> 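Just dropping this structure here.
All figures in this text were calculated on a predicted structure; none of them were measured in a lab. Computation of the quantities below employed the complete heavy-atom set of this structure, encompassing side-chain atoms and omitting hydrogens, waters and symmetry-equivalent molecules.
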Amino acid sequence: MHDVKLSDGVVTLSPPRLDDVDEHLAGEDEQLVRWLSGGPGTREGTEVYFRHCIEQWATRGPLRAFGIRVTAGSTLAGYIDLRFDVAGLAPGQANISYGLYPAWRGQGLVTRAVRLICRYAAAEGVTQGVIRVDPENSRSAAVARRSGFTYDKRVPEADGNPCDWYVRSLTANRVSTPRPR
């Protein structure tokens, strides 16, 4: 299952590799730490996490992580993942989270990646994608809307902080990849 590659000709999604660690650490910034990871990455911690992602692919576990790659799939620009086991999800739902390194922001790459992962999720039997966004993260909410998601509700996370849920139906024969604007 490690050979999964999804592409629209601009963005390629493929599972993370251990040789992605340096590119990931170099690309991490304050925005990724604030909105996604919660703390700066270390080489050891990132290697452990990437090994976990690789193991999840090998066992078809509840996490499907992808590197977001550009330039013919060779340059790591960020990451996106699909999680089937997030607290509060209903059967058939999967959570999508993403982060892009600063040099690649503002080019529509995450929107393309979300559309690709939605097609993958639908093929895996997911009927509804969920993107959970901190209400203060307007850029992430804009990605969700551009990707065809609509605001559903505000839910308190386990830590008590609010989280806006954006949802999109992912019926396999109805998921399309609209052209970016």
Side-chain angles (χ1 to χ4, degrees), residues 1-29 31-33 35-37 41 43 46-84 94-126 128-133 139-140 142-149 166 168-181:
M1 197 42 77
H2 289 67
D3 60 349
V4 171
K5 284 190 181 177
L6 312 170
S7 183
D8 68 359
V10 174
V11 167
T12 300
L13 304 183
S14 61
R17 307 178 305 247
L18 287 177
D19 63 356
D20 289 333
V21 170
D22 288 333
E23 271 186 288
H24 172 74
L25 290 171
E28 187 178 67
D29 71 340
Q31 295 293 319
L32 283 175
V33 169
W35 301 121
L36 204 56
S37 65
R43 168 166 285 290
T46 303
E47 286 178 357
V48 166
Y49 180 70
F50 280 21
R51 281 190 180 93
H52 173 70
C53 293
I54 292 165
E55 184 257 323
Q56 288 289 291
W57 275 104
T59 62
R60 295 195 49 80
L63 167 64
R64 307 290 163 77
F66 294 88
I68 300 172
R69 301 175 194 284
V70 294
T71 59
S74 61
T75 302
L76 188 66
Y79 52 90
I80 187 166
D81 69 40
L82 186 65
R83 293 177 187 261
F84 301 97
N95 185 76
I96 299 167
S97 59
Y98 42 80
L100 207 60
Y101 307 135
W104 299 103
R105 292 182 188 141
Q107 301 174 46
L109 301 176
V110 171
T111 301
R112 288 174 172 275
V114 169
R115 290 174 179 157
L116 286 168
I117 208 166
C118 284
R119 288 175 43 202
Y120 173 82
E124 290 292 303
V126 174
Q128 188 174 58
V130 176
I131 296 177
R132 298 171 16 244
V133 179
R139 292 180 74 158
S140 188
V143 167
R145 287 189 304 272
R146 279 193 307 272
S147 302
F149 286 71
Y166 291 81
R168 176 179 165 189
S169 175
L170 301 182
T171 307
N173 61 355
R174 291 184 26 214
V175 174
S176 62
T177 305
R179 295 278 178 221
R181 298 183 248 169

> Which distance, rounded to the nearest 0.5 Å, do you find between the CG of Asp81 and the CD1 of Ile96?
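The CD1 atom of Ile96 is 9.5 Å from CG of Asp81, to the nearest 0.5 Å.
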> Which residues satisfy the side-chain hydrogen bond (donor to acceptor under 3.5 Å, both in side chains) test with Tyr101, sequence neighbours excluded?
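With neighbours one apart ignored, the set is His24.
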> Looking at every heavy atom in both Ala122 and Leu170, which two are closest together, and how far apart are they?
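What the structure gives for the nearest pair is CB-O, 3.1 Å.
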> Where is the tightest heavy-atom contact between Thr75 and Trp104, given as atom of each residue plus distance?
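The pair with the smallest heavy-atom distance is CG2-CZ2, 3.8 Å.
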> Measuring only between side-chain heavy atoms, which start at C-beta, is Gln128 closer than 4.5 Å to Ser169?
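Gln128 does not reach Ser169 side chain to side chain.
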> Would you call Asp20 and Arg69 a salt bridge, taking side-chain N to carboxylate O under 4.0 Å as the test?
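Answer for the salt bridge query: yes.
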> With sequence neighbours excluded, tell me which residues meet salt bridge (Lys or Arg N to Asp or Glu O under 4.0 Å) with Arg139.
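Per chain and number, Arg139 pairs via salt bridge (Lys or Arg N to Asp or Glu O under 4.0 Å) with no residue.
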> Please tell me if the side chains of Arg112 and Ile68 come closer than 4.5 Å, counting only heavy atoms from C-beta onward.
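Of all side-chain heavy-atom pairs linking Ile68 with Arg112, none is under 4.5 Å.
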> Can you confirm whether Arg51 sits close enough to Leu18 that some side-chain heavy atom of one is under 4.5 Å from a side-chain heavy atom of the other?
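Yes, at least one pair of side-chain atoms sits under 4.5 Å.
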> Is there side-chain contact between Val130 and Tyr166, with at least one heavy-atom pair below 4.5 Å?
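No; the side chains remain at least 4.5 Å from each other.
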> Between Arg64 and Glu124, is any pair of side-chain heavy atoms under 4.5 Å apart?
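In contact.
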> Establish, from distance only, whether the side-chain atoms of Tyr79 and Ser97 form a donor-acceptor pair under 3.5 Å.
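No - no donor-acceptor pair under 3.5 Å links their side chains.
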> Which atoms form the tightest heavy-atom contact between Ala113 and Leu13, and what is the distance?
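For Ala113 and Leu13, the tightest heavy-atom pair comes out as O-CD1, 3.6 Å.
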> Could you walk me through whether Asp8 and Leu116 pass the side-chain contact (heavy atoms from CB on, under 4.5 Å) test, one step at a time?
CA-CA 7 Å; Asp8 68 359; Leu116 286 168; 4.2 Å; yes
> Show the nearest heavy-atom pair for residues Arg17 and Ile54, with the distance to one decimal.
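The answer is CA-CD1, 4.4 Å.
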> For the residue pair Val114 and Phe149, establish whether any side-chain heavy-atom pair is separated by less than 4.5 Å.
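In contact.
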> Let me confirm one number: the OG1-CZ distance from Thr12 to Phe66, rounded to the nearest 0.5 Å.
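Answer rounded to 0.5 Å: 11.5 Å.
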> Evaluate the side-chain proximity of Pro16 to Tyr49: yes if any heavy-atom separation is below 4.5 Å, no if none is.
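No. Closest side-chain heavy atoms not under 4.5 Å.
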> At what distance, to the nearest 0.5 angstrom, does OG1 of Thr111 lie from CG of Leu100?
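Those atoms lie 9.5 Å apart.
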> Closest heavy-atom contact between Leu82 and Ala94?
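Shortest heavy-atom separation between Leu82 and Ala94 comes out as CD1-CB, 3.6 Å.
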> With a 3.5 Å distance limit and no angle check, can you tell me whether Trp57 reaches the backbone of His52 through a side-chain donor-acceptor pair?
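Pair absent, no side-chain N/O of Trp57 close to backbone of His52.
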> Tell me the closest heavy-atom pair linking Ile131 and Val133, and the distance in Å.
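In this case the closest contact between Ile131 and Val133 is CG2-CG2, 3.7 Å.
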> Just verifying a value: how many Å separate Arg115 CZ and Arg168 CZ, rounded to the nearest 0.5 Å?
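Output value for this atom pair is 7.5 Å.
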> Any heavy-atom pair between the side chains of Ile80 and Val110 that's under 4.5 Å?
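Val110 vs Ile80: side chains apart.
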> Is the backbone N or O of Asp19 less than 3.5 Å from a side-chain atom of Glu23, with the two atoms forming a donor-acceptor pair by type?
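Checked: no pair found.
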> Which residues pass the ring-ring contact (aromatic ring centres under 6.0 Å, His included) test with Phe84, sequence neighbours left out?
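Result, ring-ring contact (aromatic ring centres under 6.0 Å, His included) vs Phe84: none returned.
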